[in-house]
Visitor: 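Pasting a structure here, questions to come.
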Amino acid sequence: MPKNVGVEPVFSRLTSGLPYLIHLYGDITMLLTQKPKSRYRGRQSKRPEITPHQAKQKAIRLLRENRLSPMAVQVTEALATGGVLTSGQLYHVTTVSPRTLQKYHKQYLLDRLPILADELMALDLADDPAKLRLYTLGPVGLEVARIRHEHVPTGYTGYGTHRIIHDVLTNEVVLRLAALAVERGYEPLWYSKYEATVHDERGNPALEPDAMPAVPRDGVYRYFVVEFHNEDKRTRARSKVDRYERVYRDGRWRNELETDEMPAVLAVFTHKIVGKGYREAISSRSMRPRCVFLGKSWRDVIAGDDMARWFNFNQGKMVDILED
DNA sequence: CTATAAGCCCACTCAGGCGC
DNA sequence: GCGCCTGAGTGGGCTTATAG
């Protein structure tokens, strides 16, 4: 990809850990349905604050002296790509234990985001709800990532719950799709939303997908962009379709994404009305869309539905996105 | 108070490096 | 080869802090 030249996307190195992804998490479902009301409960971290300058010095030292373990690299890379992941997601990507994550936190590599008590209580399927944590890059991890990547997701501590959950669920979609791809013998890649962004002629973002997984096919990587909708407005779908079509015609994406084939859009929606919106937007166009739009409901994702089977809005039928 | 999370200590495994 | 050390990751078990 153009933006992170010389940097391997996370998944290219993580295929060995991926089979762990297969079983259902369940630790995610309730994050969506529960409204944030209760506050953080339990002991709070008393890790002393450090200045951004101190963090940068630590990061430079860690890299120069080669003192970042392979596991630490994998974890920071995963977070640099996905922004915010649960301890469960991190485990399924890297096989890192909660204990080690705690250590990384202490070393300023990671930050924790408070998980709300009610949402924890609502867990029913989780293997170990007590160990569920939300992690983002910490001050040092952020600086490490900045040295490796042009754009790094930041600011989660300032984001509202809705936004954080949006990103966690987006990552869940990517991880589950990747897990299936690995199961079928492919080596999937995982690009961040920054790497997936396409700009207009003035340099402003024209498309800002939530993530960009890629799966090889016939020796060439085939890209998908994820659009995760956890709102219930059908009009958002129409504007997305219009925007993708505009960007397609513009053609700039070929250079920015370094691909000859426009990535297919994987639209995941928590409200059926959004899927309906896509359907109407596509069928009502006078010209047949040039982009491929695929849809799946979040309900199906967490129910363990086959992650390769998506509804193709253009053709009006189910397809297998890894084989068709 | 209780429930929950963070902190801390110890012990174990495993891999790599070093000296002999 | 062997023994020894060190660092990383891990898990158990206990203590301490804090919101409700």
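Every chain is numbered from 1, with letters handed out A, B, ... down the list of sequences.
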Visitor: Rounded to the Å, how far apart are A:Lys106 NZ and B:dA5 C1'?
Guide: 15 Å
Visitor: Please give, in whole Å, the distance from B:dG7 P to A:Lys103 NZ?
Guide: 15 Å
Visitor: List in chain and number order the residues that pass side chain to side chain donor-acceptor pair (under 3.5 Å) with A:Asp242, two or more places apart in sequence or in another chain; answer none if no residue qualifies.
Guide: A:Arg285
Visitor: Any idea which of C:dA8, C:dA19, B:dG7 is nearest the A:Ser69 side chain?
Guide: C:dA8
Visitor: Using only heavy-atom distances, determine whether the side chains of A:Glu195 and A:His151 contain a donor-acceptor pair under 3.5 Å.
Guide: no
Visitor: Consider side-chain contact (heavy atoms from CB on, under 4.5 Å). Of A:Glu245, A:Arg279, A:Lys240, A:Glu227, which one does A:Phe293 pass it with?
Guide: A:Glu245
Visitor: B:dC9 P sits how many Å from A:Gln102 CD, rounded?
Guide: 13 Å
Visitor: What is the distance, rounded to the nearest whole Å, between atom CG of A:Leu62 and atom C1' of C:dA8?
Guide: 14 Å
Visitor: So A:Tyr278 and A:Phe313, would you call those rings parallel, tilted or perpendicular, with 30° and 60° as cut-offs?
Guide: parallel
Visitor: Do A:His271 and A:Phe269 have side chains that get closer than 4.5 Å, going by heavy atoms?
Guide: no
Visitor: In chain order, what residues pass the side chain to side chain donor-acceptor pair (under 3.5 Å) check against A:Arg246, with sequence neighbours excluded?
Guide: none
Visitor: Take atom CG of A:Leu68 and atom P of C:dG9, then tell me their distance rounded to the nearest Å.
Guide: 10 Å
Visitor: Whole-Å distance between C:dT16 P and A:Arg43 CZ?
Guide: 9 Å
Visitor: Look at the side-chain N and O atoms of A:Ser45 and state whether any lies under 4.0 Å from the OP1 or OP2 oxygen of B:dA5.
Guide: no
Visitor: Going by atom types alone, do A:Asp167 and A:Tyr156 pair a side-chain donor with an acceptor below 3.5 Å?
Guide: yes
Visitor: Atom CZ of A:Arg47 to atom P of B:dA6: distance rounded to whole Å?
Guide: 12 Å
Visitor: Please check the phosphate of B:dG7 (OP1 and OP2 only) for any side-chain N or O of A:Arg112 closer than 4.0 Å.
Guide: yes
Visitor: When you measure from the side chain of A:His105, which nucleotide among C:dA8, B:dC9, B:dG7 comes out closest?
Guide: B:dG7
Visitor: Using atom CG of A:Leu134 as one end and atom P of B:dA5 as the other, report the distance to the nearest whole Å.
Guide: 12 Å
Visitor: How sharply is the helix from B:dC1-C:dG20 to B:dC20-C:dG1 bent, taking the axes over five pairs at either end and rounding to 10 degrees?
Guide: 10°
Visitor: Is A:Thr100 close enough to C:dT10 that one of its side-chain N or O atoms is under 4.0 Å from OP1 or OP2 there?
Guide: yes
